[in-house]
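Below, chains carry the letters A, B, ... as their sequence lines are ordered, and counting in each starts from 1.
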Number of protein chains: 2
Amino acid sequence: MARPRTYERGEVLDKAMSLFWRLGYEGAHLAALVEHTGLNRFSLYKEFGGKAGLYEAALERFLGYLLGQYREILTRQPLGLENIEAVLRSLQYGSEYYGCFMINTLTQRDTVPEGAYGKALAAGEEIEALYAGNLANALARGQIADGSNVSGLGKMLQTLDQGLHIQGLAGATDAQKDRVISAVMAGLRV
Amino acid sequence: MARPRTYERGEVLDKAMSLFWRLGYEGAHLAALVEHTGLNRFSLYKEFGGKAGLYEAALERFLGYLLGQYREILTRQPLGLENIEAVLRSLQYGSEYYGCFMINTLTQRDTVPEGAYGKALAAGEEIEALYAGNLANALARGQIADGSNVSGLGKMLQTLDQGLHIQGLAGATDAQKDRVISAVMAGLRV
DNA sequence: TCTATAACAGACCGATCATTCTGAAATTCA
DNA sequence: TGAATTTCAGAATGATCGGTCTGTTATAGA
């Protein structure tokens, strides 16, 4: 009954994500978003309500990818150090982008749309909980020292994880990041 | 022989820094910079050449502060773990800002003025070298395990340091960051 | 094939961007 | 005190911003 759309919502979000990722919210101008996504202004407003809505939708999509990866690896049975090492190593590679869209959102809290900061925050909390669950099991399995401060270690791992993304921005190679991870895992194991 | 200026260059840079810090390069509009620094447009262009020049000058000033702090603590004799712990703890507190202007510059590589990224990178390399120097001495003093990978540990500490700034953005409390530091130091010591 | 519908491309809009310019004000040196 | 000089405040400037609107085009159902 009507002209069919020439875009697919997911593809548009992926392309918008890559632009926001590189350029930030203010830096990704509407003209560039229109050109890069192929979605014309009219449809962009109809579908997402505007630039802010597009950013939030792109961020949600990214966080979905990200949490999917963390959940997949950090719920493998049995929970423990293997999962933690696997997730740290996996997340460093295979991305065509630098850094992390979630972290960029956090660092741009005051320029990013209203709801974005909270969404990034919530994702971070779930990731921390996933780390903590694996650490608790690692403790029960005797993989880490008796009396370890599990909650402190959980935040430590997340801190390191986030730091690795900054290291990537600062030009650290995969080999260097690998050595960082090895150093931390060595300190963790009994 | 002429009307005296009503501003002091350093103060202007401090105020510009705080605005760029919070809002990023694109987000800090010239009108806001003029209002916040008290420096009028004419003088801003005469003194710094424009918005980009002001950003670079503010970043240089920030990196000067930052490196000054790192150098002061990480060159205390004798070099070793004490300095490392001291610098990690000191850098987390006492700032009225969130995050780190250097890290923000790295995450906004594609929107920030030409030379800014390189300046941030160079500062990071000096910091890493300072960590490495203290680790090498810690090894010689038997503070860390024989055969430790000093260069890997150095990058690990810098990674953690950067991660702590992101944790601050994500609302981590000083107590939580303290526990993260304690966990890492515990893993480091023999 | 014709009509209703929704997406299309791109022109248009006021607001605001970084930058430049203009003229008044304040100071110094003669 | 008066001329020279530099900063001051704020008014232009052209470009570009995010957002809106209009007329055209392509499809689906009748």
Give every donor-acceptor pair under 3.5 Å between a side-chain atom in residues 180-190 of chain B and any protein atom, sequence neighbours left out.
unit_1	atom_1	unit_2	atom_2	d
B:Ser182	OG	B:Arg89	NH2	3.0
B:Ser182	OG	B:Asp178	O	3.0

TODO: Give a yes or no on whether the backbone of A:Thr159 and the side-chain of A:Gln162 come within a donor-acceptor separation of less than 3.5 Å.
DONE: no
TODO: Return each pair, listed once, that meets side chain to side chain donor-acceptor pair (under 3.5 Å) where at least one residue sits in residues 27-36 of chain B; pairs must be two or more places apart or across chains.
DONE: none
Task: Residue pairs involving residues 68-82 of chain A (criterion side chain to side chain donor-acceptor pair (under 3.5 Å); sequence neighbours excluded) - done: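 Output for this query lists A:Tyr70-A:Asp161, A:Arg71-A:Glu126, A:Glu72-A:Arg76, A:Glu82-A:Arg141, A:Glu82-A:Gln143.
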Which residues pass the side-chain hydrogen bond (donor to acceptor under 3.5 Å, both in side chains) test with [X], sequence neighbours left out?
X: A:Lys119; value: A:Glu56, A:Glu60
X: B:Lys15; value: none
X: B:Arg109; value: B:Tyr117

Open item on the list: Any residue in residues 106-120 of chain B with a heavy atom nearer than 4.0 angstrom to DNA chain D? Just list them by number, or reply none.
Closed with: none
TODO: List in numerical order all residues of residues 6-16 of chain B for which some heavy atom is under 4.0 Å away from an atom belonging to DNA chain D.
DONE: B:Thr6, B:Tyr7
Open item on the list: The criterion is side chain to side chain contact (heavy atoms under 4.5 Å, CB included); which residues satisfy it with B:Tyr45, sequence neighbours excluded?
Closed with: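 Residues passing side chain to side chain contact (heavy atoms under 4.5 Å, CB included) with B:Tyr45: B:Leu30.
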Task: nucleotides 14-20 of chain D: protein proximity per nucleotide (B base, S sugar-phosphate only, - neither; heavy atom, under 4.0 Å) - done: ---SBBB
Whole-Å gap separating [atom2] ([N]) and [atom1] ([X]):
X: B:Leu44; N: C:dT20; atom1: CG; atom2: C1'; value: 13 Å
X: B:Glu47; N: D:dT7; atom1: CD; atom2: P; value: 9 Å
X: B:Glu35; N: C:dC17; atom1: CD; atom2: P; value: 12 Å
X: B:Asn40; N: C:dT20; atom1: CG; atom2: C1'; value: 13 Å
X: B:Arg5; N: D:dT6; atom1: CZ; atom2: C1'; value: 10 Å

TODO: Over 60° means perpendicular and under 30° means parallel, so classify the ring planes of B:Phe101 and B:Phe62, tilted if in between.
DONE: perpendicular
TODO: Just jot down the salt bridge (charged side-chain N to carboxylate O under 4.0 Å, His left out) partners of A:Glu11, sequence neighbours excluded, or say none.
DONE: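 For A:Glu11 there are no salt bridge (charged side-chain N to carboxylate O under 4.0 Å, His left out) partners, ignoring immediate neighbours.
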Task: Which residues share a salt bridge (charged side-chain N to carboxylate O under 4.0 Å, His left out) with B:Arg22, sequence neighbours left out - done: A:Asp110
Open item on the list: Less than 4.0 angstrom between a side-chain N/O of B:Lys46 and OP1 or OP2 of D:dT7, yes or no?
Closed with: yes
Task: Under-4.0 Å side-chain N/O to phosphate OP1/OP2 contact, A:Ser43 with C:dA6 - done: no
